[in-house]
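First the structure, in the form of structure tokens, and then the observations on it.
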Amino acid sequence: MTVQSEKWCDLHCHTNCSDGSDTPEELIQKARQAGLAAVAVTDHDTVEGLEVAVAAGGNLGIEVIEGVELSVFHEPGNFHLLGYLGDWSDPAFMDVLGRVQEARRNRNPKVVEKLKGLGVEISMAELEEMAQGGQVGRPHFARLLVEKGYVSSVHQAFDRYLKKGGPAYVPKSVLKPEEAIRGVRACGGVAVLAHPFSLGHRDLGELRRWVEEWREMGLQGVECYYSEHDPAFTQFLIEMCRSLGLAVTGGSDYHGKAKPHIALGRGRGDLRIPYSCVEEIRERCSG
Ligand code: AMP
Ligand code: FE
Ligand code: FE
Ligand code: ZN
């Protein structure tokens, strides 16, 4: 009997088109070196890097899944929606994406102002340089604060200033869950809830009720395998997905040097995402 070697993937990765440090090509090269069968590019609120990533995947013989990670308004925690395999040039989706991008652009100068009021002097020009043409996000603020000596680490920058509820925090997303989910579905994409640990649920019952509500709106899957999920939580999510007919997916949330403790495909070291997650997404794709 021959034992089939297992195939692995990573369905949540960032490039320097948002707040990761690798170019799209570098990300795909690293995914191949890591022995992954498939990798999804899921930048925050942008689809900028996808074309280059797909071309690199074709050259290197690795399956690249075109994705995006939308910021969604939710209290008390953070709701990020992953979209996979949509026709991202569809006007209905671009309208939704345009609204988040505008909110993000409006937010950043307000954070600069808040920081100024706290005695921290940074400029939009410095941030844009830090983002190298990519979309400016809080990690760029954090790195700049470190570089200028205001804090000693990215972690401290978030802790002291930038975290949700922190003194320099300004909410960004304008999208309701329903609008984000519909936006992804409208162009044939598959809508998946990212890293449920960040939602700020009081207990698992509340988390399940939220997921059921979003499923009614069109949610199709949940990111069960994730760098910050412990085995018990992962198992809870997988069972919830099975009972609700949702896709089980997974990703590391790789950001390159911007989150050095997270390795591509391996998270904090013990993560493994089975290739079956790719199949679960493809099965639900209507595009
Ligand atoms: P933004 O989308 O601009 O609000 O930035 C959100 C991003 O900041 C997340 O995707 C993470 O990459 C990063 N982030 C959020 N909280 C922290 C934290 N406590 N430490 C480091 N990075 C963080
Ligand atoms: Fe990020
Ligand atoms: Fe996220
Ligand atoms: Zn992410």
Side-chain angles (χ1 to χ4, degrees), residues 9-24 27 30-31 39-50 53 65-74 76-84 97 100-101 103-104 107-108 111 127 130-132 134-144 154-155 157-158 162-164 169 171-173 175 177 180-181 184 191-201 207 210 214 219 221-229 233 237 249-268 271 273 277 281:
C9 65
D10 190 333
L11 301 179
H12 188 158
C13 303
H14 294 267
T15 74
N16 64 358
C17 294
S18 66
D19 57 357
S21 65
D22 293 340
T23 64
L27 171 68
K30 288 182 186 176
V39 62
V41 178
T42 56
D43 276 309
H44 298 286
D45 306 320
T46 177
V47 292
E48 197 77 29
L50 298 182
I65 292 166
E66 296 177 70
V68 65
E69 183 177 21
L70 294 177
S71 311
V72 181
F73 185 79
H74 166 82
N78 289 309
F79 183 145
H80 287 174
L81 184 74
L82 293 162
Y84 296 108
L97 191 64
V100 203
Q101 290 181 343
R104 189 181 269 282
R107 173 196 68 173
N108 292 333
V111 178
L127 285 164
M130 180 65 83
Q132 300 170 348
Q135 200 159 230
V136 173
R138 280 183 290 159
H140 302 113
F141 282 87
R143 265 147 64 199
L144 194 56
V154 162
H155 180 76
F158 273 92
L162 302 167
K163 68 179 177 194
K164 190 162 186 171
Y169 181 74
K172 158 199 64 193
S173 189
L175 287 185
I181 293 167
V184 167
V192 172
L193 173 65
H195 46 62
F197 89 104
S198 74
L199 289 164
H201 53 279
L207 173 57
W210 285 343
W214 298 329
L219 186 77
V222 174
E223 188 171 62
C224 300
Y225 302 99
Y226 186 74
S227 303
E228 311 298 338
H229 291 173
F233 190 52
L237 294 170
T249 82
S252 67
D253 214 351
Y254 174 76
H255 281 67
K257 288 202 275 288
K259 276 192 192 172
H261 54 289
I262 301 297
L264 186 58
R266 297 311 304 263
R268 290 178 178 272
L271 186 70
I273 303 143
C277 294
I281 287 174

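First listed ligand is number 1; within each ligand, the first listed atom is number 1.
Distances from the Zn ion (ligand 4) to the N/O/S atoms of Asp253 are shortest for OD1. The Zn ion (ligand 4) is closest to atom OE1 of Glu69 (considering only N, O or S atoms). Distances from the Fe ion (ligand 2) to the N/O/S atoms of Asp19 are shortest for OD2.
Checking His255 against the Zn ion (ligand 4), every N/O/S atom stays at or beyond the 2.8 Å cut-off. The Fe ion (ligand 3) has no N, O or S atom of His44 inside 2.8 Å of it. Among the atoms of His12, an N, O or S atom falls under 2.8 Å of the Zn ion (ligand 4).
The two atoms that bring Gly267 and Ser252 nearest to each other are N-CB, 4.0 Å, heavy atoms only.
For CD of Gln135, the number of neighbouring non-hydrogen atoms (other residues, nucleotides, ligands) closer than 6.0 Å is greater than 12.
Aromatic pair Tyr226/Phe197: centroids less than 6.0 angstrom apart.
Between Phe233 and His229, the ring planes lie perpendicular to each other; the angle is over 60°, past the 30° to 60° tilted range.
Contacts of Pro76 classified as side chain to side chain contact (heavy atoms under 4.5 Å, CB included), with partners at least two apart in sequence or in another chain: His74, Trp210.
For the pairing with Asp22, the side-chain hydrogen bond (donor to acceptor under 3.5 Å, both in side chains) check across Lys30, His255, Lys257 returns one residue only, Lys30.
The angle subtended at the Fe ion (ligand 3) by OE2 of Glu69 and ND1 of His80 is 90°, given to the nearest 10°.
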